Q: 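Please find one structure pasted underneath; my questions will follow.
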Amino acid sequence: MSAFVPSFNHKIIEKKWQDQWYESGVFNAKDFDQRPKYYNLVEFPYPSGAGMHVGHIRAYSSLEVLSRKRRMEGYNVLFPIGFDAFGLPTENYAIKNKVHPRIVTDNNIKVFTEQLKAAGFSFDFSRVVDTTQPDYYRWTQWIFLKMYDQGLVYRSKTFVNFCPDCKVVLSNEESQGGECDRCGNEVVQLKKDVWFLKITEYAAKLLDGLKDLESSSRIHTEQENWIGKSEGAFITFPIADNSHTLSVFTTRPDTIFGATFMVIAPEHPIIDEKASQIKNLDEIRQYQEATKRKTEFERIQLNKDKTGIKIEGLDAINPLTKKPIPIFISDYVVITYGTGAIMAVPGHDERDYEFAKKYQLPIIEVISGGDITEAAYTNTESGMLVNSGFMNGLSVELAKQSIIDYLVKTGIGTASVQFKMKDWAFNRQRYWGEPIPIIYCEDCGVVPVPYEDLPVTLPMVEHFEPTETGESPLAGIEAFTRCVCPKCQKPARRETDTMPQWAGSSWYFLRYMDPFNKHEFASKEKMHYWGKIDWYNGGMEHVTRHLIYSRFWNQFLYDQGLVVHQEPYKKRTAQGLILGEDGEKMSKSRGNIVNPMEIIDEFGADTLRVFILFIGDYEMPTPWNSAGVKGARRFLDKLWRLQEKLVKKDQFTPSLENIIHKTIKGVGEDIEAMKFNTAVSKLMIAVNEATASSEITDKDLETLVLLTYPFAPHISEEIWSNLGHSDSIVLHPWPVYDVSKLIEKQVEIVININGKIRDRMIVDFNTNEETLIDLALSSKKVVDHLAGQKPKKIIVIPNKLVNLVI
RNA sequence: GCCAGUGUGGUGAAAUCGGUAGACACGAUGGACUCAAAAUCCAUUGCCGUUAAAAGCGUGUCGGUUCGAGUCCGACCACUGGUACCA
């Protein structure tokens, strides 16, 4: 037996192995290598000044473990990292502290990189991507221009969410609840010229592509709901004097006989077109103005009651009943969806019902099964058509078919599919973003920057404070705005808006495959070699936006023949949030933030990694528990101390053989299933058993160390080297288990009487049913309980239980 | 409101197929070692009960299916996230 080995010093060994790994480049992926490839992607971080968060550790640990295991399994693993570094927090910090965002960003990236290395992540640091480098955003601009060429970029004047405090325009996503995402202040409505990407053109394809994406049902559902496909029909309603028509979209064309009025959005163009006929035009105009003034917040919070105005002098005709019906304007109908007009069927739509009750409009039952004097009846499963002419007696499903046939035949309408998803507002009035490569010429109008002139670089200036008008800071920089029209060579002006933060992250996974290419965003050969991303892990909060946006860009590039696969990701998973110890979201204001660097300093990176994976189900949110960190460290100390009673032998200790094989199987399977918490627990059980054993062999310890390596690589490398190996574990194959060694020799069987446990017994594995029954019936406790009664029925589950039913 | 998810000890959590509820870890209590502390080791630890046991109770609530339910079905309650009148 060897002499006492002191418990390990994490500061020394972690530094030692990190230096060795990062200097040797052992984790760098090799293009065109003969080994099979495996591409693991984690969402690249925004390098905030606060540095790394425990959430980052959790987010990266899953594919970190998988990457290390895959390398041991012989794969050429691409596990890249980069920085999504454009964005408002940096800009705000820069303004406040009078430092240029370039300097702030470079600093933050430096700190972040050091921290990622201190945690021992096996990223390929040789292909780091930074979205704020001209070499990178040149291609972001290039893809934007490709979209422009294909008619997927357009400019439109609309009301946008404007934060008077940050002086920036916000997308709907960034101003939820009428509050600015960044500063929390109230958002107002401002009329602006806005660039849009026509993502709606890809709605059907984005929905369709989901079937090739392996992910949990909640991820699928969130994407589906965001795209929001609904099938229905366009129906044309004539205006009573036959001078005009009003087109509606409805998902329930079958209820048309019950359409007793129409509602149009306040912004609907027919108001202006028929203004001369409208008798209460003043009142209508007032309502329109009131709607415009409302922020989204007010519409949501204060407008639970339906409001609306009847348009006097303008009636429509229900094309099926031929009866005249009134037309209302109301802000519960929105101009951006469908046609901005609906046929209201109060009997079978809750919103229409509420409106009809308020304005005392007729409610007609056209689907039987409910009580329309009480509420709208919206069940489409069991109802049957009534009061509906030729559709009477049909189910809703059949009636839909029947009415669409009729509408098409008579030219009144057509079948149609609509999507809830809106086009993507693609500009911000900020400095710290990719300049939009567009030039305005007085003669030629909007002119895209020629491809060969890219990148349009951000000027390195001293003043990047926002303007009072809500224009981009770039607008005040003459040297930037002044340019020459590429078409006519006359003086022209540059677009001064920049792209939203989502831009750079929409294609970064492609750049990783070929990060230094000066001629293309990535070469076809390399994209062909690396193929699809095998596994993509990130936050649940990005499942709707970033995931859809990046799939959109990839699909677009695919359609242009510029990438190899239509869908970029094979599999997508999402980690759960780490909450503060108080169970609340971690935030500065709550003062419950845990700094991972402090844990690394005190307990070591291995401890932090093991603990964060052990803390709970990877996909569920879980509170931080500082006391629990010690448990992870104790486990590593126990593993270390196994070296004290090492026996040189190339065989498993007989009493440990079974548990070791079970652990190889269990840990391997748990990693693949993202059950990292139970994988760690299985390692703990194995180490506990080895600790209890009087001696352990080289082979026992080697195997345990190989299994621990993906979780706690530094200590594993150190023990591995102590065991006399001169090579790194990463070059050593993942252990395999022997199925024949998994079987237990003896098992415990429970004896139930009427499903209640009354006794237990230990028997040989695979003892036959008759023997089990005999043994059960001879148990003293069972005999006492039966008190002479004969079981009516006996259920035997081999190796599990015997249930006596009396 | 709608959609999704989650409710299990003092705490974080386990529990492939419906078959021993609480693995593993934290904490707590008692003990060993120590002048003492830390570290380590041993024992106990769902509740109730008991000298000890037995019995009884127990996976948000109420009901159902089953020989047997944390797991399946129905209704409800609570919490978390997403969304905002999408026709």
Side-chain angles (χ1 to χ4, degrees), chain A residues 7 172-173 176-177 216-222 224-226 228 230 232 248-253 255 262-263 265 296 299-301 303-304 306 330-334 336-345 349-352 354-355 418-422 540-541 543-544 576-577 579 581 583-585 610-611 614-617 619-632 634-635 637-638 641 669 673 675 677-685 688 691 747-757 760 781 784 791-797 799-806:
Chain A
S7 182
N172 285 337
E173 299 101 85
Q176 286 175 23
S216 64
S217 66
R218 59 179 182 156
I219 291 175
H220 264 121
T221 312
E222 284 211 17
E224 276 166 22
N225 290 348
W226 187 267
S230 46
V248 302
F249 175 72
T250 177
T251 55
R252 296 293 307 278
T255 62
M262 300 185 79
V263 184
E296 210 160 322
R299 282 178 97 157
I300 295 155
Q301 295 296 323
N303 197 26
K304 287 295 177 194
K306 298 252 178 303
S330 172
D331 59 10
Y332 85 89
V333 173
V334 294
T336 49
Y337 185 78
T339 62
I342 62 158
M343 64 174 207
V345 184
D349 181 286
E350 277 157 24
R351 293 153 304 180
D352 299 345
E354 200 186 312
F355 196 86
Q418 291 288 300
F419 295 92
K420 191 162 143 184
M421 189 166 69
K422 293 177 199 160
M540 202 59 203
E541 68 274 21
V543 159
T544 43
L577 225 55
L579 308 168
E581 287 214 76
E584 303 281 340
K585 227 179 219 167
V610 167
F611 178 64
F614 180 67
I615 196 168
D617 186 326
E619 301 181 83
M620 294 293 170
T622 185
W624 179 259
N625 175 0
S626 54
V629 179
K630 270 190 226 159
R634 267 180 213 158
F635 157 68
D637 278 328
K638 278 189 205 170
R641 265 186 263 113
E669 287 175 357
K675 299 288 176 201
N677 52 340
T678 52
V680 171
S681 130
K682 280 165 188 155
L683 287 169
M684 286 173 169
I685 292 169
N688 287 347
T691 302
V747 286
E748 191 183 50
I749 301 270
V750 293
I751 307 167
N752 281 358
I753 294 176
N754 286 346
K756 274 199 158 186
I757 296 162
R760 297 158 205 263
K781 284 182 186 169
D784 288 352
K792 284 186 287 201
K793 193 173 170 187
I794 300 177
I795 290 142
V796 180
I797 309 289
N799 300 319
K800 282 263 161 81
L801 65 82
V802 177
N803 189 12
L804 309 170
V805 185
I806 54 172

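Convention: sequence-line order gives letters A, B, ...; per-chain numbering from 1. Just so it is clear, the model here is predicted, and its values are computed rather than measured.
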Q: Across the strands shown, which category fits A:Ile795 at heavy-atom distances under 4.0 angstrom: base, sugar-phosphate, nothing?
A: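 Base contact.
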Q: Please determine, for B:C62, whether a Watson-Crick or G-U wobble partner exists with both distances under 3.5 Å, and give it or none.
A: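 Checking every strand shown, B:C62 finds its partner in B:G74, with both distances under 3.5 Å.
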Q: So A:Lys630, base contact, sugar-phosphate only, or nothing? Heavy-atom distance under 4.0 Å.
A: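 Sugar-phosphate: the residue A:Lys630, judged by heavy atoms under 4.0 Å, touches backbone atoms but no base.
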Q: Tell me: CG of A:Asp637 to P of B:A25, nearest whole Å?
A: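 Between P of B:A25 and CG of A:Asp637: 14 Å.
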Q: Which pair of heavy atoms, one from A:Ile342 and one from A:Tyr332, lies closest together, and at what distance?
A: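 Shortest heavy-atom contact: CD1-OH, 3.8 Å.
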Q: For A:Met540, answer base if it contacts any base atom (sugar-phosphate contacts may also be present), sugar-phosphate if it contacts only those atoms, and nothing otherwise; contact means non-hydrogen atoms under 4.0 Å.
A: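 The residue A:Met540 makes no contact with any strand.
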Q: Nearest to the A:Ala627 side chain among B:G27, B:C3, B:A87, which nucleotide is it?
A: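 The nucleotide sitting nearest to the side chain is B:G27.
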Q: Does B:U45 pair with anything, Watson-Crick or G-U wobble, both distances under 3.5 Å, and if so, with which nucleotide?
A: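 The base-pairing partner of B:U45, which may sit in any strand shown, is B:G27.
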Q: Tell me, do A:Leu579 and A:Glu584 make a side-chain contact under 4.5 Å, heavy atoms counted?
A: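 Counting from C-beta outward, A:Leu579 and A:Glu584 never come under 4.5 Å.
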Q: With the side chain of A:Thr622 defined as its heavy atoms from C-beta on, choose the nearest nucleotide among B:A87, B:C67, B:G12.
A: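 Out of B:A87, B:C67, B:G12, the nucleotide with an atom closest to A:Thr622's side chain is B:G12.
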Q: In whole Å, I'd like the distance from the CH2 atom of A:Trp226 to the P atom of B:A4.
A: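 After rounding, the gap between these two atoms is 18 Å.
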Q: Closest to the A:Asn225 side chain: B:A25, B:C67, B:C3?
A: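 For A:Asn225, the side-chain atoms sit closest to B:C3.
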Q: Rounded to whole Å, how long is the line connecting atom CD1 of A:Ile757 with atom P of B:G56?
A: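 The distance from CD1 of A:Ile757 to P of B:G56 comes to 12 Å, rounded to the nearest Å.
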Q: Using OP1 and OP2 only, check whether a side-chain N or O of A:Asn752 sits under 4.0 Å from B:G19.
A: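 No, A:Asn752 has no side-chain N/O under 4.0 Å of OP1/OP2 on B:G19.
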Q: Among B:C67, B:C26, B:C24, which nucleotide has an atom closest to any side-chain atom of A:Ile685?
A: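 Looking only at side-chain atoms, A:Ile685 lies closest to B:C24.
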Q: From B:G12, B:C85, B:A87, pick the nucleotide closest to the side chain of A:Asp331?
A: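 Closest of the options to the side chain of A:Asp331: B:C85.
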Q: Checking all strands, does A:Asp617 fall into the base, sugar-phosphate, or nothing category for heavy-atom contacts under 4.0 angstrom?
A: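 Answer is sugar-phosphate: A:Asp617 comes under 4.0 Å of backbone atoms only.
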Q: Over how many whole Å does the gap from A:Glu350 atom CD to B:G1 atom C1' extend?
A: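 After rounding, the reported distance stands at 8 Å.
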Q: Side chain of A:Tyr332, heavy atoms from C-beta onward: which of B:C85, B:G19, B:A25 has the nearest atom to it?
A: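 Ranking B:C85, B:G19, B:A25 by closest atom to the A:Tyr332 side chain puts B:C85 first.
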Q: Tell me whether A:Glu669 at atom CD has more than 12 heavy atoms from other residues, nucleotides or ligands lying less than 6.0 Å away.
A: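 Enclosed: over 12 neighbouring heavy atoms sit under 6.0 Å from CD of A:Glu669.
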Q: Which label fits B:G60, syn or anti, where anti is any glycosidic angle not within 90° of 0?
A: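 Here B:G60 takes the anti form, which means its glycosidic angle is more than 90° from 0.
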Q: What are the two closest heavy atoms between A:Met684 and A:Gly631, and how far apart are they?
A: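 Nearest pair, atom of A:Met684 first, then A:Gly631: CE-O, 4.3 Å.
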Q: What are the two closest heavy atoms between A:Pro791 and A:Ile806, and how far apart are they?
A: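 Smallest heavy-atom distance, with atoms named: CA-CG2, 3.6 Å.
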Q: Taking the same atom, C1', in B:C72 and in B:G81, what whole-Å distance lies between them?
A: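 Between the two C1' atoms, the distance is 27 Å.
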Q: Students often get this wrong, so: under 4.0 angstrom with heavy atoms, is A:Gln418 touching a base, only sugar-phosphate, or nothing?
A: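 Touches nothing.
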Q: Watson-Crick or G-U wobble partner for B:A38, using a 3.5 Å limit on both distances?
A: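 Across all strands, not a single nucleotide pairs with B:A38.
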Q: Under 4.0 angstrom, heavy atoms only, what part of the nucleic acid is A:Asn803 near: base, sugar-phosphate, or nothing?
A: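 Base: the residue A:Asn803, judged by heavy atoms under 4.0 Å, touches a nucleobase.
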Q: Scan every strand shown for a Watson-Crick or G-U wobble partner of B:G5, both distances under 3.5 Å, and answer none if you come up empty.
A: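 For B:G5, the partner nucleotide comes out as B:C79, under the 3.5 Å rule.
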Q: Write down the atom of A:Gln418, the atom of A:Tyr337, and the distance for their closest heavy-atom approach.
A: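 Heavy atoms of A:Gln418 and A:Tyr337 come nearest at CB-OH, 3.6 Å.
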Q: Between A:Phe614 and A:Val680, which heavy-atom pair has the shortest distance, and what is it?
A: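 Taking every non-hydrogen atom into account, CD1-CG1, 3.6 Å.
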Q: What does A:Lys792 touch in the nucleic acid at a heavy-atom separation under 4.0 angstrom: a base, only the sugar-phosphate, or nothing?
A: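 A:Lys792: no heavy atom of the nucleic acid under 4.0 Å.
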Q: Who does B:G19 pair with, Watson-Crick or G-U, both distances under 3.5 Å?
A: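 Base-paired to B:C67.
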Q: If you check every side-chain atom of A:Arg641, which of B:A23, B:C41, B:G82 has the closest atom?
A: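 The closest nucleotide is B:C41.
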Q: Please classify the nucleic acid contact of A:Ser230 as base, sugar-phosphate, or nothing, using heavy-atom distances under 4.0 Å.
A: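 Sugar-phosphate only.
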Q: Need one value for A:Ile615: base, sugar-phosphate or nothing, where a base atom within 4.0 Å counts as base even if backbone is also close, heavy atoms only.
A: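 Touches sugar-phosphate only.
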Q: Between A:Phe611 and A:Trp624, is the ring centre distance below 6.0 Å?
A: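 So the answer is yes for these two rings.
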Q: Just name whichever nucleotide pairs with B:A52, Watson-Crick or G-U, keeping both distances under 3.5 Å, else none.
A: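 Partner of B:A52: none found under 3.5 Å.
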Q: Counting only side-chain heavy atoms from C-beta out, which of B:A87, B:A13, B:C3 sits nearest to A:Thr250?
A: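 Of the candidates, B:A87 comes closest.
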Q: If the glycosidic angle is within 90 degrees of 0 it's syn, otherwise anti, so just tell me which one B:C17 is.
A: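 Glycosidic conformation of B:C17: syn.
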Q: Would you kindly give the CH2-to-P distance between A:Trp624 and B:A25, to the nearest whole Å?
A: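 It works out to 18 Å between those atoms.
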Q: From B:C67, B:A4, B:C57, pick the nucleotide closest to the side chain of A:Lys756?
A: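 When the side chain of A:Lys756 is considered, B:C57 is the closest of B:C67, B:A4, B:C57.
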Q: Tell me what A:Asn688 touches on the nucleic acid: a base, only sugar-phosphate, or nothing, going by heavy atoms under 4.0 Å.
A: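 Contact class for A:Asn688: sugar-phosphate only.
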Q: If you only use heavy atoms from C-beta on, which nucleotide in B:A23, B:U6, B:G19 is closest to the side chain of A:Ser681?
A: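 Looking only at side-chain atoms, A:Ser681 lies closest to B:A23.
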